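This report concerns only the one structure given below.
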Amino acid sequence: VVESTGEQPQLSDSLERVRSATSTLKKYGVKEVTLVMANCAYDRQDRDFKEQGRFCSVNAEWLPKELKLRGADHVVIVTTHSAGTIRLWQNEFGKNYHVLHSNELFADDIKTSFKDLKNIAIGAPDGADKPNDQGQARARELAEAVFGTTEIEAKLFKIGKEHVSANETKVSGFSGDVAGKDCVIIDDMSDGGGTLINAARKLKAEGAKSVTAYATHAICIYNEKEQKSGLEHLLEPEENGQIIKPSPIDNVVFTDSIPEIVEKRKALNPDLQKHVSILSVGSLISKEIERVQSLTTGFAEQVANGKSQNLR
């Protein structure tokens, strides 16, 4: 069952389709159900009041419990938000919870898009002040994939942030040599875009030649204050009612884990469209589906024999 459970306003509908499909398939005797949610609902809602310091839901805890109860056997997700989220899913599904990583796609894109790999610096937009931060680990893994070595410290920049409100942040720390370099910011998602924009502004202030933001999940919510899409806000952010020029972010690269990003890109004017690239997660997902199914159903052998269309 393949369904990106996205963000609002489609979240409720997409989750209901997943619930209904899973329970219906099991009702009619299906042996195993593998759920593929390229973007998983509630992934960020993984911390309770004690950790957040404010009242919030912990839907990342109950969603895996509910889907397990409805009969899901395997779950495949692309790029999770945190180690805490992973633990909550593994509590229910154990080794049958499969996380795919978009760094493979991003590394290939960087290698083909940038002429001089020696002039690249890579980092996360936050988390430098947090031990075992998932974003920092993601940045290291991407750097190792791009440069083909574990000796990457000189190629990394590190940024810390702090919240000034529930939805606003500011840069609280920075380290790294980025002067004259093409900087790559890597994140799991972009929601309002504030974290990426603040990081990019800091990099430009430190002398970066260019800033390209890579993120798996393009939520890009509508910016009510600026009356524009979250995607347009990333490329033309405003301050005190005025568009910041030049933009701190030169280019953005997303995956299609949230399919709506394709239409959001089309809605941009042509000058902005050329600064947005969208990579497909289809190849990652198809390989993982084949691998998971082959564990119990002989799916791989049937594909090789041209009989996969007969699977139920």
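Quantities reported herein were computed from a predicted structural model and do not represent experimental measurements. Start at 1 with the first residue, then count along the sequence.
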Rounded distance [0.5 Å steps], OG1 in T255 versus CD1 in I261: 9.5 Å
Salt bridge or not between K245 and E238? Use side-chain N to carboxylate O under 4.0 Å. no
Let me confirm one number: the CD-CG distance from Q242 to N240, rounded to the nearest 0.5 Å. 8.0 Å
Could you report the tightest heavy-atom contact between L35 and L67, atom names first, then the distance? CD1-CD1, 3.8 Å
In short, S4 meets I258 closest at the heavy-atom pair OG-CA, 4.1 Å
Go through I289 and V76 one step at a time and tell me if the side-chain contact (heavy atoms from CB on, under 4.5 Å) criterion holds. CA-CA 8 Å; I289 290 175; V76 178; 5.6 Å; no
Contact check, side chains of V30 and V33, non-hydrogen atoms, under 4.5 Å: yes
Please walk me through it: do S257 and T216 pass side chain to side chain donor-acceptor pair (under 3.5 Å)? CA-CA 7 Å; S257 67; T216 302; over 6 Å; no
Can you see which heavy atom on P248 is nearest to which on A200, and at what distance? O-CB, 3.6 Å
Between I86 and I77, is there shared hydrophobic-cluster membership here, with clusters defined by ILVMFWY side-chain heavy atoms closer than 4.5 Å? yes
Whether E288 side chain and I285 backbone form a donor-acceptor pair below 3.5 Å: no
Rounded to the nearest 0.5 Å, what separates atom CD1 in I120 from atom NZ in K118? 12.5 Å
Salt bridge (Lys or Arg N to Asp or Glu O under 4.0 Å) evaluation trace for K266 with E263: CA-CA 5 Å; K266 288 180 180 179; E263 294 302 317; 3.6 Å; yes
Would you say S113's side chain and I110's backbone share a donor-acceptor pair under 3.5 angstrom? no
Which pair of heavy atoms, one from G192 and one from H233, lies closest together, and at what distance? O-CD2, 3.1 Å
Supply the atom-to-atom distance R265 CZ to L231 CG, rounded to the nearest 0.5 angstrom. 9.0 Å
According to ring-ring contact (aromatic ring centres under 6.0 Å, His included), who are the partners of Y97, at least two apart in sequence or on a separate chain? W89
Would you confirm whether D256, through its side chain, and V281, through its main-chain N or O, come within 3.5 Å as a donor-acceptor pair? yes
Is the shortest side-chain N to carboxylate O distance from E260 to K264 below 4.0 Å? no
Has K228 got its NZ or CZ under 6.0 Å from the middle of the six-membered ring of Y222, at an angle within 45 degrees of the ring axis? no
Give a yes or no on whether Q227 atom CD has more than 12 heavy-atom contacts from other residues, nucleotides or ligands under 6.0 Å away. yes
Side-chain donor or acceptor of T24 paired with backbone N/O of A21 under 3.5 Å: no
Does any non-hydrogen side-chain atom of Q134 lie less than 4.5 Å from one of T80? yes
What do the steps show when you test K158 against Q136 for side-chain contact (heavy atoms from CB on, under 4.5 Å), and what is the final call? CA-CA 8 Å; K158 297 180 180 180; Q136 293 295 313; 3.8 Å; yes
Using 0.5 Å steps for rounding, measure from the CG atom of L142 to the CD atom of E144. 10.0 Å
Any donor-acceptor N/O pair, T5 side chain to N39 backbone, under 3.5 Å: yes
Do F114 and T212 have side chains that get closer than 4.5 Å, going by heavy atoms? yes
Please report the C-alpha distance between T34 and Q293 in whole Å, then the side-chain angles of each, then the deciding distance to 0.1 Å, and finally whether the side chain to side chain donor-acceptor pair (under 3.5 Å) criterion is met. CA-CA 8 Å; T34 297; Q293 294 297 309; 3.0 Å; yes
Going through the checks in order, is the salt bridge (Lys or Arg N to Asp or Glu O under 4.0 Å) test met by R201 and E239? CA-CA 12 Å; R201 294 186 74 175; E239 187 173 55; 3.2 Å; yes
What orientation do Y42 and W62 show, parallel under 30°, tilted 30 to 60°, or perpendicular over 60°? tilted
Enclosure of N132 CG (heavy-atom neighbours >12, cutoff 6.0 Å): no
Side chains of K155 and I122: does their closest heavy-atom pair fall under 4.5 Å? no
If the test is salt bridge (charged side-chain N to carboxylate O under 4.0 Å, His left out), which one of K161, K170, R138 qualifies with D126? K161
Between T22 (side chain) and A72 (backbone), is there a donor-acceptor pair under 3.5 Å? no
Is there a side-chain contact between H98 and V292, using heavy atoms and a 4.5 Å cut-off? yes
Between D109 and Y214, does a side chain to side chain donor-acceptor pair (under 3.5 Å) hold up when you go through it step by step? CA-CA 10 Å; D109 187 75; Y214 283 77; 2.7 Å; yes
Treating S20 as the side-chain partner and R17 as the backbone partner, does any N or O pair qualify as donor plus acceptor under 3.5 Å? no
Same cluster for L203 and L196 if Ile/Leu/Val/Met/Phe/Trp/Tyr side chains link at under 4.5 Å? yes
Determine yes or no for a side-chain-to-main-chain donor-acceptor pair under 3.5 angstrom, with K204 supplying the side chain and P246 the backbone. no
Could you walk me through whether E153 and R140 pass the side-chain contact (heavy atoms from CB on, under 4.5 Å) test, one step at a time? CA-CA 9 Å; E153 286 302 320; R140 290 188 62 87; 2.3 Å; yes
Any donor-acceptor pair under 3.5 Å from K202 side chain to I197 backbone: no
Within a strict 4.5 Å, meaning less than it, do heavy atoms of the L235 and L268 side chains meet? yes
To the nearest 0.5 Å, what is the distance between NZ (K68) and CG (N91)? 12.0 Å
Cut-off 3.5 Å, no hydrogens considered: what does the side-chain donor-acceptor table look like for residues 175-189, sequence neighbours left out?
from, atom 1, to, atom 2, distance (Å)
K181, NZ, D177, O, 3.3
D182, OD1, S210, OG, 2.6
D188, OD2, H81, ND1, 2.7

Residue from K31, K95, K26 passing salt bridge (charged side-chain N to carboxylate O under 4.0 Å, His left out) with D73: K26
Please assess L234 against S190 for the test side-chain contact (heavy atoms from CB on, under 4.5 Å), listing each intermediate value before the final yes or no. CA-CA 9 Å; L234 275 176; S190 177; 3.6 Å; yes
Does H217 use its side chain to pair, donor to acceptor, with the backbone of T79 at less than 3.5 Å? yes
Can you see which heavy atom on L63 is nearest to which on A41, and at what distance? CD2-O, 3.6 Å
So which heavy atom on S247 is nearest to which on P237, and how close? OG-CD, 3.9 Å
